[in-house]
There are 2 protein chains.
Amino acid sequence: MTLQQLKYLLGVVDSGLNITAAAERLYTSQPGISKQLKLLEQELGVPLFTRRGKSLAAIAPAGHDVIARARNILRETQNIRSLARDLSGEQQGTLCIATTHTQARYVLPEVIRTFRECYPKVTLELHQGTSEQIAELVANNQVDFAIATGSQALFPGLVLMPCYHWDRIIVVPNDHELAQLDQDLDLDQLAQHPLVTYVFSLTGQSSFKKAFADAGLTTNVVFTARDADIIKTYVRTGLGVGVIAGMAFDSHDTGDLVAINAEHLFPQQTTWIGFSRDTVLRQYMLDFAELFAPHLTTERMRDVAELEYQEEVDALFETLVLPTREALVYADT
Amino acid sequence: MTLQQLKYLLGVVDSGLNITAAAERLYTSQPGISKQLKLLEQELGVPLFTRRGKSLAAIAPAGHDVIARARNILRETQNIRSLARDLSGEQQGTLCIATTHTQARYVLPEVIRTFRECYPKVTLELHQGTSEQIAELVANNQVDFAIATGSQALFPGLVLMPCYHWDRIIVVPNDHELAQLDQDLDLDQLAQHPLVTYVFSLTGQSSFKKAFADAGLTTNVVFTARDADIIKTYVRTGLGVGVIAGMAFDSHDTGDLVAINAEHLFPQQTTWIGFSRDTVLRQYMLDFAELFAPHLTTERMRDVAELEYQEEVDALFETLVLPTREALVYADT
DNA sequence: CGCGTTTACGTCGTTCGTAACGATA
DNA sequence: TATCGTTACGAACGACGTAAACGCG
């Protein structure tokens with residue numbers, strides 16, 4: 001058994017049991033992988049795959065176990081490398097983040113700008129996707145950090161640390177009747193308008209629906225989108241009243257849109273950052289998290305990583321008063 | 001980084017930083033290890049050891065981290081091999097048990113006899129030692145099972161499963177005055193005699209002292225030994241009254257010794273068997289445990305291995321009525 | 001006939017063990 | 001001087017890549 005063999009094994013599995021594809025991904029020759037796979041199976045004395053003709057058809061029962069162990073092993077080799085690089089003062093590396101559109105578009109740019117100044121040699125990889133896609137990346141150990149809001153249930157293997165609170169706002173065109181209101185809006189009024197908001201995923205956005213349901217109101221959601229830019233576009237065309245994340249309204253919108261406070265209408269949201277308990281974080285990763293949420297000090301994160309259960313993590317952060325997003329504005333882009 | 005390099009690394013560490021010794025243990029040449037170690041350090045860019053002249057003096061800070069990860073990696077390779085061997089119906093292997101004298105001498109022989117009949121090709125390794133020595137072996141992943149009584153605190157990384165209950169008995173020579181008693185002995189009477197019993201370790205034997213202390217009595221322990229054989233020897237010479245584990249009194253003793261029931265004097269003891277949560281157990285290992293304690297079925301053990309905390313394990317077994325040792329007698333040796 | 005895997009084979013790099021050297025106590 | 005680690009070197013092995021053959025859809 002060799003680390004290479006295990007690496008090849010996972011490469012093949014992650015390429016959909018296509019050896020040729022795996023060879024390209026791993027920058028090596030296809031017969032080489034084929035041979036090493038055979039050697040591994042031979043050494044273990046168990047077929048790891050079921051084959052149809054010459055092709056790999058599926059993962060054999062034994063394969064699943066072996067693959068899971070192999071992932072642990074390769075993760076630990078990565079951990080060793082990370083440890084060593086950090087200790088030798090190496091400033092190069094990769095920071096891989098999976099996050100939602102809102103974070104990627106409205107929150108992270110400034111954080112990343114600062115980060116790049118501190119660590120110009122670190123390659124940044126930013127994956128934007130739905131909560132489910134983020135969870136997928138996390139499950140395969142393909143990202144260092146996941147940043148999202150709500151939907152904690154999707155990330156069982158991660159340590160989730162709350163970063164800041166935020167509230168929704170309502171956006172309407174300048175000339176909309178709601179723009180003229182001189183008192184606080186209430187849910188009744190809002191429910192009388194066609195609404196444009198985020199796609200209802202498992203992202204905890206159901207708190208949107210719930211707010212109306214609790215008030216005994218029915219809503220008329222005429223359009224949903226994944227990101228605030230599209231919502232704003234349709235709000236501008238007069239399709240309806242937009243409900244978006246507070247930080248998604250910026251100075252460029254003030255010309256033709258008006259933001260209306262909705263703190264009192266919907267529950268506060270919490271954005272968190274998560275990482276895998278069994279992955280070693282490089283110093284620059286910890287520093288990134290601290291840039292993103294200043295209360296996430298290196299020390300605190302290392303403490304948190306030792307905890308076994310998410311409940312303990314939550315308990316630790318419960319005593320902290322989290323800032324709201326507004327309090328964290330790094331600069332106005 | 002190679003699995004070999006990691007294996008060599010651990011070999012050197014486990015040989016007290018002596019490369020020559022590691023080479024012998026690993027059945028390879030000493031320069032080979034030397035070179036691979038250097039290559040590893042070079043690849044990682046961090047010294048893993050501090051050197052005094054040419055000799056390895058100590059493990060560098062980076063080394064500790066790397067070594068810990070390397071142990072995880074090698075454990076997982078072992079797990080892969082175990083899985084594969086089991087799935088391919090291989091009946092060969094090694095069963096390594098660390099246990100106390102009482103178990104090794106009075107309980108295990110019969111279990112092992114049966115086990116060997118079922119699995120003649122499995123090499124048995126039995127290490128006898130104090131609780132602390134057993135804990136040491138366990139910590140280094142050198143045994144599959146630990147079997148002991150009490151002292152659960154010494155084994156934080158293990159899943160401990162209770163096997164059976166037992167009580168102490170009192171042994172005296174045939175002609176001793178206590179041998180003539182026709183009623184139950186009480187602590188008062190016992191305290192008036194010089195006592196011979198087990199060494200007080202952390203083995204939970206303190207319940208011995210505690211029983212007397214709770215009754216407001218002081219004892220006169222004139223001799224302690226690690227094993228019942230020695231205690232019985234000194235009891236025969238008239239040194240004092242022996243207090244030993246019930247199963248340590250067998251038919252060979254009936255000629256010149258008398259056993260007196262002491263169930264009502266001291267709390268009941270529980271013997272457990274423990275294994276590491278992150279080690280894959282071969283089928284024959286599970287079968288051994290079941291031979292040792294019939295309620296430890298394969299299914300139950302696999303369930304228990306999934307639990308994160310010992311408290312959950314305890315809870316699961318709490319609902320079971322454990323047998324006493326006597327109920328488990330396999331045969332009289 | 002194309003796609004993907006296996007087989008065959010030559011090349012290259014690496015590991016291994018022996019032997020000699022160096023350093024340390 | 002004895003012990004232990006490093007360096008040097010030749011032999012053997014193993015991995016890799018190219019090229020060709022094979023099976024399957």
ask   = Do the side chain of A:S82 and the main chain of A:Q78 share a donor and acceptor less than 3.5 angstrom apart?
value = yes
Any [X] side-chain N or O less than 4.0 Å from OP1/OP2 of [N]:
X	N	result
B:Q30	D:dT3	no
B:Y8	C:dC16	yes
A:K38	C:dT7	yes
B:T28	C:dC16	no

message = Rounding to an integer number of Å, can you tell me how far B:L39 CG sits from C:dT14 P?
response =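 Those two atoms, CG and P, are 9 Å apart.
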remark   = Comparing nearest nucleotides in DNA chain D, the 5'-proximal residue of the pair B:L56, A:Q36 is B:L56
ask   = For B:Q92, which residues count as a side-chain contact (heavy atoms from CB on, under 4.5 Å) partner, sequence neighbours excluded?
value =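 Expected list: B:E90, B:K121.
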Among [options], which is the nearest nucleotide to the side chain of [X]?
X	options	value
A:N18	C:dT5, C:dT18, D:dC16	C:dT5
A:P31	C:dT15, C:dT6, C:dA19	C:dT6
A:R52	C:dT6, D:dG25, C:dT15	D:dG25

query = Are any non-hydrogen side-chain atoms of B:L307 and B:V159 less than 4.5 angstrom apart?
reply = no
